[in-house]
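Structure, as structure tokens:
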Amino acid sequence: MAKSKTSKTTKKRVVKVDPIGKAYISASFNNILVTLANNEGQVISWSSAGKMGFRGSKKNTPYAAQTAAEDCSKTAYDLGLRKVKVYVKGPGSGRESAIRTIHSSGIEVLEINDITPLPHNGCRPPKRRRV
């Protein structure tokens with residue numbers, strides 16, 4: 001079948017890169033996501049441990065977080081990002097190593113905020129088991 005001429009091509013979105021932005025690190029038990037954005041929240045660059053080629057339980061290691069943060073911060077530094085405020089979320093093991101790697105790549109870390117959601121009373125427990 002021939003290709004129809006009505007296929008839509010999407011234009012790549014142009015993101016304004018300021019020297020000051022935000023870094024979001026989501027460290028779960030299974031993966032680590034590193035996202036660098038400008039102050040409006042538009043994503044400049046992102047990376048994850050799975051994107052870097054780690055599989056299975058190796059995705060939640062500090063070394064995987066280090067390589068993901070290095071890949072993400074290198075592209076953002078080349079685009080002009082110089083200072084970030086870091087927002088860390090989740091209980092994973094690669095939180096600190098990702099922050100250290102962002103700082104060592106030339107991007108200055110201004111402040112670190114932990115935005116991990118905490119339950120105030122949790123879910124309602126199930127009813128008592130009947131025998």
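All residue numbers refer to positions in the sequence shown, counting from 1. Quick note: numbers below take in every heavy atom, side chains included, and nothing from hydrogens, waters or symmetry partners. In this text, all values refer to a predicted model and were calculated from it rather than measured experimentally.
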- Query: Among L110, I102, I112, whose side-chain contact (heavy atoms from CB on, under 4.5 Å) with V84 holds?
  - Reply: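 Going through the options one by one, the only one that passes is I102.
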
Pairwise distance [atom1]([X]) to [atom2]([Y]) - rounded to 0.5 angstrom:
X: D18; Y: N39; atom1: CG; atom2: CG; answer: 6.0 Å
X: T101; Y: I107; atom1: OG1; atom2: CD1; answer: 11.0 Å
X: K22; Y: K85; atom1: NZ; atom2: NZ; answer: 7.5 Å

Which pair of non-hydrogen atoms, one from [X] and one from [Y], has the smallest distance, and what is that distance?
X: K59; Y: A49; value: O-CB, 3.4 Å
X: S73; Y: S105; value: OG-OG, 3.1 Å
X: Q42; Y: K16; value: OE1-N, 4.2 Å
X: A76; Y: L36; value: CB-CD1, 3.5 Å

- Query: For the residue pair Y24 and Y87, does the interplanar ring angle fall in the parallel (under 30°), tilted (30 to 60°) or perpendicular (over 60°) class?
  - Reply: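 Taking Y87 first and then Y24, their aromatic rings lie parallel (interplane angle under 30°).
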
With heavy-atom distances below 4.5 Å as the criterion, would you say the side chains of [X] and [Y] are in contact?
X: R82; Y: I20; answer: no
X: S47; Y: M52; answer: yes
X: V88; Y: N113; answer: no
X: N60; Y: I32; answer: yes
X: T61; Y: Q66; answer: no
X: V15; Y: V43; answer: no

- Task: Show the numbers, then the answer: is there a side-chain contact (heavy atoms from CB on, under 4.5 Å) between I99 and I25?
- Result: CA-CA 8 Å; I99 296 169; I25 299 169; 3.7 Å; yes

- Message: Would you say D114 and T116 are linked by a side-chain donor-acceptor pair, where the criterion is simply a distance under 3.5 Å?
- Response: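 Their side chains do contain a donor-acceptor pair, which is all the 3.5 Å distance test asks for.
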
- Is it true that F54 and V34 fall in one hydrophobic cluster, defined by side-chain heavy atoms closer than 4.5 Å?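 Each belongs to a different hydrophobic cluster.
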
- Query: Are I44 and L33 co-members of a hydrophobic cluster defined by side-chain heavy atoms under 4.5 Å apart?
  - Reply: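 No, no single cluster joins them.
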
- Message: With salt bridge (Lys or Arg N to Asp or Glu O under 4.0 Å) as the rule and sequence neighbours excluded, what pairs involving residues 23-48 come up?
- Response: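 Non-adjacent pairs meeting salt bridge (Lys or Arg N to Asp or Glu O under 4.0 Å): zero.
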
- Message: Between N38 (side chain only) and V17 (backbone N and O only), is there a donor and an acceptor less than 3.5 Å apart?
- Response: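 Not at all, since once roles are kept as given, no pair shorter than 3.5 Å links the two residues.
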
- Message: Looking at S97 and P62, would you say the former's side chain and the latter's main chain have a donor-acceptor pair under 3.5 Å?
- Response: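 Yes, because the side chain of S97 sits within donor-acceptor range (under 3.5 Å) of the backbone of P62.
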
- Which residues share a ring-ring contact (aromatic ring centres under 6.0 Å, His included) with F29, sequence neighbours left out: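 ring-ring contact (aromatic ring centres under 6.0 Å, His included) check on F29 returns nothing, list empty.
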
- Given the rule in the side-chain contact (heavy atoms from CB on, under 4.5 Å) test, do D71 and K51 qualify, once you have shown the distances and angles that lead to the verdict? CA-CA 10 Å; D71 175 55; K51 183 182 174 186; 4.3 Å; yes

- Message: Within a 6.0 Å radius of atom NZ on K89, are there more than 12 heavy atoms belonging to other residues, nucleotides or ligands?
- Response: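 Result for NZ/K89: open.
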
